[in-house]
Visitor: 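Right, I'll just put the structure down here and ask away after.
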Amino acid sequence: MLSVPNPIIDSDPSYNYELFFELSLDLFCIAGFEDGYFKRINPAVSKLLGYSKEELFSKPISDFIYYEDKTTTASTRNELTLKSLINFENRYVTKSGEIVWLSWTSMYIKTNALVFAIAKNITHSKRMEEERNILLSKLTKKNKELIQLTYTASHDLRAPVNNLLSVYNLLDLSKIDDPETHDLIRIIKAETEGLNDSLNDYLDLLSQKDSFDSKIEELDFESSLKLVLNSIQYLIRHSNAIITADFSELKKINFNKTYLESLFLNLITNSIKYAQTGMQPIINISSSKRNGSSQLIVSDNGQGFDMDKVKDKIFGLNQTFNDESDSKGIGLYLIHNNMISLGGQISVVSKIKEGATFTMTFRD
């Protein structure tokens with residue numbers, strides 16, 4: 001490749017270097033290795049730290065370093081005689097007392113005992129990282145508290161549930177002549193046994209180390225749905241709910257058994273619970289394969305949500321959007337948490353008095 005002569009640069013070899021040094025937004029500096037003083041800096045150094053050149057030249061560089069980073073910086077600086085320094089991070093204190101984060105790339109020149117260094121201001125990214133870590137810490141704490149609460153509740157409920165089953169076994173059904181009473185007792189027994197199985201499943205699940213250890217297996221949508229429908233048959237019958245299911249496009253999914261049943265249970269019971277007054281609940285459930293992703297869709301004709309108001313709060317813990325006294329705002333949070341923990345997603349489309357459609361996208 002032919003080089004094109006530049007009369008300005010060619011006539012003044014220092015021109016390009018000086019312009020590059022002076023105009024760079026990064027911090028350029030030359031420092032003495034032995035005495036640890038700045039020998040030369042570009043305007044970006046003074047601008048960021050707030051000191052004049054005279055002030056920066058009058059003190060050792062270590063005087064401007066944040067006290068917690070002085071020892072690490074001194075130790076790392078000594079390694080410059082062996083290798084160049086790349087992406088070393090430390091904090092400096094500005095004249096106004098603000099702490100700034102810098103990422104350094106430095107090289108030691110032995111012949112004149114100088115260190116040539118370039119630093120980038122990474123304060124913003126560090127603050128974002130700190131805020132993210134604080135948020136993650138809070139979320140981790142909340143998650144542990146929720147797991148402990150669920151574990152405690154599940155454990156404490158086992159005793160009365162087992163007592164109910166024991167009472168049923170003590171009943172002498174031969175002394176009961178009314179067929180309707182027989183039917184009610186059978187329903188109560190089935191509901192109690194289903195609750196007991198669910199509690200045992202939750203306890204087993206919570207006993208595992210973390211959600212990523214949850215057992216993943218191939219599950220049949222129809223079989224899982226039938227188990228849930230059997231456990232809430234009285235609720236369905238009492239509400240006159242119509243539930244349709246079509247799993248012809250996708251019959252099976254690799255997922256956690258307890259999570260899938262919890263998903264069906266919460267969405268179906270919510271649809272019945274928040275049906276429009278005077279309107280028969282209609283719930284449609286289907287599976288599909290869209291753009292290579294496995295999906296489960298649950299829609300209803302219930303009260304619906306004002307999505308402009310609820311937005312991303314809909315899956316938040318303890319978020320309620322109606323006047324029902326027994327609404328706790330836990331069901332949708334659990335579904336969302338379970339889906340996310342196993343790499344899936346959940347979304348909702350809804351309008352007031354037009355029902356809601358929940359779409360679960362599973363990780364294949």
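This chain uses plain numbering: 1 for the first residue, then up along the sequence.
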Visitor: Mind jotting down which residue pairs meet the side-chain hydrogen bond (donor to acceptor under 3.5 Å, both in side chains) criterion with at least one end in residues 28-38? Sequence neighbours excluded, please.
Guide: Asp35-Lys39
Visitor: Take the angle between the ring planes of Phe33 and Tyr108 and call it parallel below 30°, perpendicular above 60°, tilted in between.
Guide: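 Tilted.
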Visitor: Distance alone, cut at 3.5 Å: any donor-acceptor contact between the side chains of Asn337 and Ser341?
Guide: no
Visitor: Out of curiosity, Asn121 CG to Ser103 OG, how far, rounded to the nearest 0.5 Å?
Guide: 10.5 Å
Visitor: For the side chain of Lys53 and the backbone of Ser46, is there at least one donor-acceptor N/O pair under 3.5 Å apart?
Guide: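 Checked: no pair found.
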Visitor: Using the rule given for side chain to side chain contact (heavy atoms under 4.5 Å, CB included), can you reason through Phe358 versus Leu332, listing the C-alpha separation, both sets of side-chain angles and the distance that settles it, and then say yes or no?
Guide: CA-CA 10 Å; Phe358 289 87; Leu332 291 181; 3.9 Å; yes
Visitor: Any donor-acceptor pair under 3.5 Å linking the side-chain atoms of Thr359 with those of Gln295?
Guide: no
Visitor: Side chain to side chain contact (heavy atoms under 4.5 Å, CB included), that's the test. Do Glu89 and Lys126 meet it? Break it down for me.
Guide: CA-CA 10 Å; Glu89 298 176 359; Lys126 280 293 183 179; 2.7 Å; yes
Visitor: Show, in sequence, the C-alpha distance, side-chain angles and deciding distance for Phe116 and Phe28, and conclude whether the side chain to side chain contact (heavy atoms under 4.5 Å, CB included) test is met.
Guide: CA-CA 8 Å; Phe116 288 76; Phe28 285 10; over 6 Å; no
Visitor: Show your working on side chain to side chain contact (heavy atoms under 4.5 Å, CB included) between Met279 and Asn301 and close with a plain yes or no.
Guide: CA-CA 9 Å; Met279 185 177 292; Asn301 64 339; 3.5 Å; yes
Visitor: For residues 241-250, dump all side-chain donor-acceptor pairs below 3.5 Å to protein atoms at least two apart in sequence or in another chain.
Guide:
residue	atom	partner	partner atom	Å
Thr244	OG1	Asn284	OD1	2.6
Asp246	OD1	Ser248	N	3.0
Asp246	OD1	Ser248	OG	2.7
Glu249	OE2	Lys289	N	3.2
Glu249	OE2	Arg290	NH1	2.9

Visitor: Between Leu263 and Met360, which heavy-atom pair has the shortest distance, and what is it?
Guide: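 Result for this residue pair: CD1-CG, 3.6 Å.
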Visitor: Going by side-chain contact (heavy atoms from CB on, under 4.5 Å), name the residues that satisfy it together with Lys95, two or more places apart in sequence or in a different chain.
Guide: Tyr51, Glu55
Visitor: Just wondering, do Val348 and Met307 contact through their side chains at under 4.5 Å, heavy atoms?
Guide: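 Heavy-atom side-chain distance check passes, below 4.5 Å.
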Visitor: Identify the heavy atoms of Pro281 and Ser239 that sit nearest to each other, and give their distance.
Guide: CD-O, 3.5 Å
Visitor: Which residue pairs pass the salt bridge (charged side-chain N to carboxylate O under 4.0 Å, His left out) test when at least one of the two sits in residues 112-125, sequence neighbours left out?
Guide: Asp26-Lys120
Visitor: Do Ile285 and Ile268 make a side-chain contact, defined as non-hydrogen atoms from C-beta onward lying under 4.5 Å apart?
Guide: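 Contact flag for Ile285/Ile268 side chains = yes.
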Visitor: Quick one: OG on Ser294 to CZ on Phe362, what's the gap to the nearest 0.5 Å?
Guide: 8.0 Å
Visitor: Do you reckon Leu229 sits in the same ILVMFWY cluster as Tyr259, going by side-chain contacts under 4.5 Å, direct or chained?
Guide: yes
Visitor: Look at the side chain of Asn338 and the backbone N and O of Leu334, then say whether any donor-acceptor pair between them is shorter than 3.5 Å.
Guide: yes
Visitor: List, by chain and number, the other hydrophobic cluster members for Leu25, where Ile, Leu, Val, Met, Phe, Trp and Tyr join if side-chain heavy atoms come within less than 4.5 Å, directly or indirectly.
Guide: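 Members other than Leu25 - counting any ILVMFWY side chain reachable under 4.5 Å - there are none.
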Visitor: Please collect all salt bridge (charged side-chain N to carboxylate O under 4.0 Å, His left out) contacts where either partner lies in residues 339-358, sequence neighbours excluded, each pair once.
Guide: none
Visitor: Is any side-chain heavy atom of Ile118 closer than 4.5 Å to a side-chain heavy atom of Leu27?
Guide: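 No; the side chains remain at least 4.5 Å from each other.
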Visitor: Could you tell me whether the side chain of Asp183 and the main chain of Pro179 form a donor-acceptor pair under 3.5 Å?
Guide: no
Visitor: Going by the rule ring pair (Phe, Tyr, Trp, His ring centres under 6.0 Å), which residues pair with Trp104 if we only count those two or more places apart in sequence or in a different chain?
Guide: Tyr92
Visitor: Does a side-chain heavy-atom distance below 4.5 Å link Gln345 with Arg363?
Guide: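 No; the side chains remain at least 4.5 Å from each other.
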Visitor: Pairs of donor and acceptor atoms involving the side chains of residues 130-138, under 3.5 Å and at least two apart or interchain, shall be tabulated with distances.
Guide:
residue	atom	partner	partner atom	Å
Asn133	ND2	Glu129	O	3.3

Visitor: For Ile352 and Gly304, work out which heavy atoms get closest and say how close.
Guide: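 Looking at all heavy atoms of both residues, the shortest contact is CD1-O, 3.9 Å.
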Visitor: Would you please test Lys251 and Glu222 for salt bridge (Lys or Arg N to Asp or Glu O under 4.0 Å) and show each step?
Guide: CA-CA 7 Å; Lys251 297 181 181 295; Glu222 186 174 352; over 6 Å; no
Visitor: Donor-acceptor pair, distance only, cut-off 3.5 Å: does the side chain of Ser350 make one with the backbone of Phe305?
Guide: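 Checked: pair present.
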Visitor: Over all heavy atoms of both residues, which pair between Ile346 and His336 is shortest? Give the atoms and the distance, please.
Guide: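 Shortest heavy-atom separation between Ile346 and His336 comes out as CG2-CD2, 3.5 Å.
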Visitor: Cluster partners of Val93, using ILVMFWY side-chain heavy atoms under 4.5 angstrom, listed by chain and number?
Guide: Tyr66, Tyr67, Ile99
Visitor: Taking all atoms of both residues into account, what is the closest heavy-atom pair of Ser288 and Ile297, and its distance?
Guide: OG-CD1, 3.5 Å
Visitor: Could you list the cluster mates of Ile122? Members are the ILVMFWY residues connected by side-chain heavy atoms closer than 4.5 Å, either directly or through other members.
Guide: Trp101
Visitor: Let me confirm one number: the CD1-CE distance from Ile109 to Met107, rounded to the nearest 0.5 Å.
Guide: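 Between atom CD1 of Ile109 and atom CE of Met107 there are 6.0 Å.
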Visitor: Where do Gln276 and Gly302 come nearest, in terms of heavy atoms and distance?
Guide: NE2-O, 3.1 Å
Visitor: Which pairs pass side-chain hydrogen bond (donor to acceptor under 3.5 Å, both in side chains) with one or both residues in residues 72-82, sequence neighbours excluded?
Guide: Thr73-Asn90
Visitor: Taking side-chain contact (heavy atoms from CB on, under 4.5 Å) as the definition, give me every residue that meets it alongside Leu235, ordered by chain and number, with sequence neighbours left out.
Guide: Ile232, Thr269, Ile272
Visitor: Report yes if some heavy atom in the side chain of Glu261 is under 4.5 Å from a heavy atom in the side chain of Leu227; otherwise report no.
Guide: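 In short, these two side chains touch, coming nearer than 4.5 Å.
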Visitor: Which value, rounded to the nearest 0.5 Å, describes the distance between Ser224 atom OG and Leu296 atom CG?
Guide: 10.0 Å
